Amino acid sequence: MAVTREQLVEDFERPSLLRRLSWFDGAWALLLVLGSGYAYRLYHPYMDAYEVAIQAAATLALIAWGWYWKPVRGLTLAVAALSLFALWRYGGSLATAQTDFFLKYLLASQQAFMWMSALYVFATLAYTLMMFTGSAFVGRTATALTWSATAMGLAGLMVRWRESYLMGTDIGHIPVSNLYEVFILFAVITALLYLYHEGRAATRTMGTFVLLVISASVGFLLWYTFDREAYHIQPLVPALQSYWMKIHVPANFIGYGAFAFAAMLGVAAILAQPRPLAPERRRVVLPLAAAGFVVAGALLAAGLSAGDAGFGATLDAWAMLPATVALLFVVAACQGRLAAQLPAPALIDDMMYKAIALGFAAFTVATILGALWAAEAWGGYWSWDPKETWALIVWLNYAGWLHLRLTKGLRGTPMAWWAVIGLFVTAFAFLGVNMFLSGLHSYGTL
Amino acid sequence: MTAPLPTPDAPSPDRPRRPRRTFGSLLLELLGSMNLAITLLVVVAVASVVGTVLKQNEPYTNYVIKFGPFWFEVFRLLGLDDVYGAPWFLAILAFLLASTSVCIYRNAPGMLREMGHFRTEVQLKSLRAFHNRAQWALPGGERERVLATLLAALRAQGYRTRVVEQADHTLVAAMKGAVNRLGYLFTHLAVVVICLGALFDGNLFLKLKEWSGDVRLETRDLPARDYGPASRLVPGATPSFRGSVMLPEGSVANFVFVRLRDGAFVQELPFAVELKAFRVEHYATGQPKNFESDVLIHDRQHLAEPMAATIRVNHPLVYRGYAIYQSDFGDGGSLLKLKAWPLAGQRAEPPALEGRVGEKLALQTPQGPRTLEIDDFRLFNILPVPESEQGDTPEKKVRNFGPSFTFRLRDAAGQALEYQNFMAPMRLGGRDYFLTGVRGSPAEDFRYLHIPADAALSPARFLRFVNLLQQSQRRDALLDERSAAGAEPVPAEIREVRRRLVALFAEGGVDAVIGRARSVVPAERLEEATRLYLDILRSSLGELYLAVLAEEGVKVDQGIGPTEERFFNDALNALAVLPAYGAPFYLQLTGFEQVQASGLQITKSSGQNVVYFGFALLIAGVFLMFYSSHRRLWSRVAPTPDGLLDVLVAGTGNRHQGEFEREFDTLRAGLARHFGPASGPHDH
C-alpha cells in the first residue's frame with residue numbers, strides 16, 4: 001500500500017493559516033485596514049511618527065487577535081458601529097450631548113460607562129443565578145450581558161477620545177490618562193480575559209467570581225464619578241504628553257486585569273477543592289470572620305455617626321479593611337463548598353497559571369516600557385518612585401509564584417491563596433500608591 | 001544515564017553526589033537553591049516597601065520635623081532615608097544576584113545540551129509511563145512503510161527527528177520548541193545583566209569615592225563657584241550621574257549639582273549650557289501645557305558654532321552622551337519695584353524700594369530693623385475661582401489672578417513671617433481687594449488680609465486711613481473737631497471714651513477693644529457694654545473715614561454713597577485683623593522686570609545600554625518561557641517474537657499540557673487512519 005506525500009500531509013499537517021481563514025476573516029481584516037487608513041488620513045497631522053507606528057502595529061495586532069479569537073471580530077464591529085454613530089451624532093460640537101437623544105441617554109461617554117456599569121452588575125447576578133440553577137439559558141444571557149457591557153465600555157472610551165478633541169485639539173488625548181479612565185480599561189480587559197477563557201474551557205461557572213471583581217471596580221467607578229466628580233476630561237500635564245502613554249498604560253492594564261482574573265480564579269479554586277476545610281481549622285476561621293465583620297460594622301457605624309464628616313468618611317473607608325479580611329476568612333471557611341457546581345480544580349488551576357503567565361508577561365513589558373518612558377521624561381529609567389517600586393514588588397511577587405509553579409510543580413490551595421493575596425499587592429500598586437503615597441507618578445488622586 | 005522522567009518540568013541539573021563536600025560546593029548549593037531564590041524574591045519585595053512608605057532623599061530637616069531627632073537618628077543609621085542605596089538593601093540585591101548567577105551557572109549547560117539532545121537512549125518502561133501514548137500491533141512486513149509514515153507525521157507537525165537503529169528496535173526521537181529552554185536562560189541572564197548595568201547608574205561609585213576620601217560632600221548652601229576642589233567631580237569621575245541646575249535666562253553653566261544625603265557635589269561638564277529663554281504655556285483651563293527652554297550648547301572642542309536646541313518635557317536633548325532634561329522652573333532674579341505703605345508709625349509717605357528675587361534688603365522700620373528676603377515672583381496665578389463665584393456649571397472655573405511675589409520679613413531675633421502679595425486687586429463678590437497673605441511657617445496655609453481697593457483701584461485710600469489711625473495727635477484732633485462740629489455738643493467724657501477706644505483699636509484691633517470691655521465691665525453687663533463700645537468705635541472711625549474721603553476730594557457734606565459705605569465696612573473688617581498681620585508695612589508691587597529660570601536635569605548613564613539589552617533579553621525570555629513548549633515525541637518500532645511489529649508512540653511537553661494533549665490526539669487520529677485504531681489511554 002503506497003502512501004503519497006500529499007496524503008500524509010493532509011492527514012497530519014495543520015492547514016496553513018490562510019487556508020484556515022474564512023472569507024469573513026478576510027473582509028473584516030480589510031475593513032480594519034481601510035478604517036485605520038481612513039483614520040490616518042483624517043488625523044495624521046495630530047500624530048508623530050511613533051504614534052503612526054503604534055497605530056499601524058495596533059491594527060495588525062487587532063487583526064491577528066481577531067483571527068486567533070474569532071469573537072473579537074464581532075466585538076470590533078459593534079464597538080466601531082456604536083462609536084461612529086456617536087461621532088456622527090456629535091458632529092462638531094460637544095454641546096450636542098445635551099440635546100441629542102442617543103447621546104444623552106446612550107452613547108455620550110458618560111452614558112456609555114453607566115450602561116457598561118449596569119450591564120456588568122446584571123451579568124454578575126445572571127452568572128450567580130446560573131451557578132445555582134444550572135440554567136443554560138441564564139448562562140447564555142450572562143455571557144451576552146458581559147459582551148454587551150464590554151462593547152459599551154469600549155465604545156465609551158472611543159467616544160471619550162473624540163470628546164476630548166471636541167473640547168479643543170490641544171486638549172485631546174487617548175482616554176487612558178487618569179484613574180477614572182483606566183478603571184474602565186481595567187473592567188473591560190478583565191472581562192475580555194474572562195470571556196476568552198469561558199469560550200475555551202466551555203464553562204461559565206467562573207463567571208460569578210470574575211464578574212464580582214469587575215462589579216467591585218464598577219462600584220468604585222460610580223463612587224469616583226458621583227462623589228468625586230472625576231469624570232471630567234482634563235488636559236494632559238506636560239509629563240503625560242507622549243506616545244509612550246498609548247502603549248505603557250494598556251500593557252499595564254493587561255497585567256492588572258490578568259492578575260485580578262487569576263485572583264478570582266484562586267477564590268473559585270479554593271471553593272472547588274474536593275475536600276472542605278478541616279473542622280478544627282474552621283473553628284478558628286469562622287469566629288475570626290465574624291470578628292472582622294463586627295469590627296467593620298463598628299467602624300462603619302462610628303463613621304456614620306461621627307460629627308466631623310471628613311473623619312467619618314475616613315472611618316468608613318477603614319471599615320473596608322476588616323471587612324475584606326473577614327471575607328477572606330469566609331472564603332477559607334467555604335473551601336470545597338462549591339465543588340459540585342464548579343469544574344475540577346485542575347482546570348481552574350491551569351487557567352490561573354495561564355492568567356498569571358499572561359499578566360506577568362504583560363506586566364514585564366509594561367514596566368519596561370515605563371522605564372524607557374521614564375528615561376525620556378524623568379531623567380532616568382529607574383528612580384525608585386513609589387509606583388515604580390510597587391510595580392517591582394508586584395513583579396517579584398508573581399515571579400515567586402511562577403517559580404514555585406514551574407520548578408516545583410506546586411498546585412492546589414496554597415497557590416490559589418497566593419494568587420488571591422496577589423490581588424491585594426496588585427491593588428495596592430494600582431490604587432494604594434495613588435491614595436497613600438506621593439511621588440512622580442501621581443496622575444490619579446482620590 | 002537514566003531515562004527522563006515523565007514530567008521534565010524542572011530544570012534538572014546533573015548533580016552527581018561527591019563523597020566529600022567542600023565549603024565552596026556547599027555554598028554553591030545554598031546559593032543555587034530554589035528555596036533561597038524564592039525567599040530572596042519575597043525579601044526584596046518586602047524591603048522595597050519600606051522606601052515607598054517613607055519619603056526618600058528628603059532634606060534631613062524634614063525628617064527631624066516629622067519624626068523628631070531620636071527617630072531621625074535611628075532612620076539615618078538604618079539608611080531609611082535612602083533605602084535603595086543602603087548597604088543592607090544592596091546586600092540583599094547582591095544575594096539575589098549571586099543566587100541567580102549560581103542558578104544560571106549550574107543549569108545553563110544542562111539546558112543548552114537539552115536543546116540539541118534527542119534523548120535517543122530512552123527506555124521502553126519510561127515511554128510506557130507517559131500519559132500521552134498510543135500503541136499499535138501491525139504486520140511484521142510493514143516496517144519501512146510504518147517508519148516513513150511516522151517520520152512524515154512527526155515532520156508534518158513541525159518536529160525535528162532522529163532515527164536510531166538499536167539491536168532490537170528502531171527509535172524515532174523527535175522534538176520541537178527547544179527554544180523554550182532559552183526562555184529560562186534569557187530571563188535569568190536578564191536579571192543579572194540589568195542589575196549589573198544598573199550598578200553603573202546608581203551612586204555607588206560616588207559613595208565609594210567619598211568613602212575612600214577622594215571627594216568630600218559639601219553640606220553648606222553655597223554657589224557652585226565656592227565649592228572647593230574636593231567637592232568637585234571632573235567629567236568621567238564617576239561612570240554616571242544625575243544632577244540638576246537652576247539656570248536664569250541669559251546665564252551659562254558648565255556644571256550641575258549632584259545631591260547626596262544632606263549635601264551636594266558639583267559635577268563639571270565638558271561643555272556649557274546657556275539658557276536663552278524659558279517659556280510656560282497654559283491651557284484655557286489654566287493648567288500648564290508646556291514647559292520649554294531654548295538653550296545654546298557651547299563646546300569649543302567639538303562645535304564650531306554654539307548649538308541651539310529647545311528642550312521640552314518628554315523631549316530631552318542628548319549631547320555627547322549627556323542627556324539634558326526640562327525638569328523644573330523658577331524665578332531667575334526678577335527685579336521688583338515696591339512701595340512700602342506704613343502700617344505703623346507716624347510716617348505718611350510710602351517709600352519706594354527695589355529688589356531682586358533672591359536678594360535680602362536691610363530695612364529700618366518703626367518696629368525695629370527687619371530683613372526683607374524676596375523669595376519668589378510669579379507672573380501667573382491661575383487659581384480656582386472662589387466658591388461664591390463658581391455658578392452652576394459643572395466645570396470648575398479658574399482665573400488668572402495675575403502676578404504675585406512672596407517674601408519673608410525677619411526681625412533682629414531671626415524670627416520670620418512669610419508673606420504673599422498679589423499685584424492686582426482681586427474681584428470678590430463684586431468688590432476689589434488687594435490680597436496679602438501671611439503665615440508663620442511653610443507648613444501653614446496663608447491667611448489673607450483683604451485690603452479694599454479704592455475708586456482708582458489702588459490700596460491708597462485704605463492705607464491713608466490706617467496711617468491716620470496711627471497718627472495719634474492728628475487723629476484725636478480730628479475726632480474732637482468733628483465732635484465739636486455736630487449740632488449738639490458732645491460731653492467731654494464721651495469724647496475721652498472715643499479717643500481711648502480709637503487708640504485701643506489702632507493698637508490692638510477689635511480684640512483689644514473687647515478685651516478692655518471684659519476687664520472693666522461686670523459680666524452681666526458685658527454684652528450690652530461691648531455693643532455700646534463697638535457702636536461708639538464705629539461712629540468714631542466713621543468720622544475719621546469721612547476725613548480721609550474729604551482729603552481725597554470726595555464730597556461728604558450730603559453723606560456718603562453706597563460704594564463708600566461698602567468700602568468703610570470692608571476697611572473695618574481689614575482693620576479688625578490688621579494687628580495679626582505682623583508687618584510694619586504693606587508692600588505693594590508696582591512694577592517688575594521678570595527674569596525666569598529653568599531647572600535643567602543633566603544626566604550621564606553609562607549602564608543604560610547594558611540595562612536596555614537586559615530588558616530585551618527579559619522580554620524575549622518571558623515570552624519564550626510561557627508561549628513555547630519544549631515537546632518531545634518518541635516512536636519505537638520493534639519486531640515482536642510472534643512476527644508482528646510493536647509500534648509505540650509517546651511524548652510530553654514541558655508547558656501547556658492541554659495543548660500538547662490536543663496535538664497528540666491529532667497525531668494519534670492521523671496515524672489511526674494508516675495503522676488502524678490505537679490502543680493506549682483515551683482520557684477524553
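Chain naming here is simple, since letters A, B, ... match the order of the sequence lines and numbering starts at 1 in each. Since this is a predicted model, take the numbers as computed values, not measurements.
Between A:Asp170 and B:Tyr283, the shortest heavy-atom distance links the atoms O-CE2, 3.4 Å. When all heavy atoms of A:Ala375 and B:Tyr325 are compared, the pair lying nearest together is O-OH, 2.5 Å. Between B:Asn290 and A:Pro238, the shortest heavy-atom distance links the atoms N-CG, 3.9 Å. Heavy-atom minimum distance, B:Thr52 versus A:Pro386: CG2-CA, 3.9 Å. Taking all atoms of both residues into account, the shortest heavy-atom contact from B:Asn314 to A:Ala377 is OD1-CB, 3.2 Å. Nearest heavy-atom pair, A:Tyr381 versus B:Val611, reported as atom, atom and distance to 0.1 Å: OH-CG2, 3.3 Å.
One distance of note links OH of B:Tyr184 with OG1 of A:Thr407; it measures 10.0 Å at 0.5 Å rounding. A distance of 4.5 Å separates CG in B:Leu618 from CD1 in A:Ile368, rounded to the nearest 0.5 Å. Considering CG of B:Leu41 and CG of A:Leu402, their distance stands at 10.5 Å, rounded to 0.5 Å. One distance of note links CZ of B:Phe626 with CD1 of A:Ile356; it measures 9.5 Å at 0.5 Å rounding. Taken from CG in A:Asp385 to CD in B:Gln56, the straight-line distance is 11.0 Å, to the nearest 0.5 Å.
Using a 4.5 Å cut-off between heavy atoms, A:Ser242 contacts chain B through both its backbone and its side chain. When heavy atoms are compared at a cutoff of 4.5 Å, B:Ala198 approaches chain A by way of both its backbone and its side chain. At a 4.5 Å heavy-atom cutoff, the contact between B:Gln608 and chain A is made by backbone and side-chain atoms alike. Neither the backbone nor the side chain of B:Ser327 comes within contact range of chain A; no heavy atom of the residue lies under 4.5 Å from a heavy atom of that chain. When heavy atoms are compared at a cutoff of 4.5 Å, B:Phe615 approaches chain A by way of both its backbone and its side chain.
Between B:Phe89 and A:Trp384, the ring centre distance stays below 6.0 Å.
Most heavy-atom pairs under 4.5 Å with chain A, from the set B:Pro288, B:Ser605, B:Gly658: that is B:Pro288. When each of A:Trp382, A:Trp390, A:Tyr353, A:Trp373 is checked for heavy-atom pairs under 4.5 Å with chain B, A:Trp390 comes out on top. Chain A forms more heavy-atom pairs under 4.5 Å with one residue of B:His315, B:Lys289, B:Met34 than with any other, namely B:Lys289. Each of A:Leu372, A:Val394, A:Val425 has some count of heavy-atom pairs under 4.5 Å with chain B, and the biggest count is that of A:Leu372. Ranked by heavy-atom pairs under 4.5 Å with chain B, the first of A:Ala399, A:Gly168, A:Gly380, A:Ala371 is A:Gly380.
At most 12 heavy atoms of other shown residues, nucleotides or ligands fall within 6.0 angstrom of atom CZ in B:Phe200.
B:Gln287 contributes no side-chain N or O that, together with a main-chain N or O of A:Val237, makes up a donor-acceptor pair within less than 3.5 Å.
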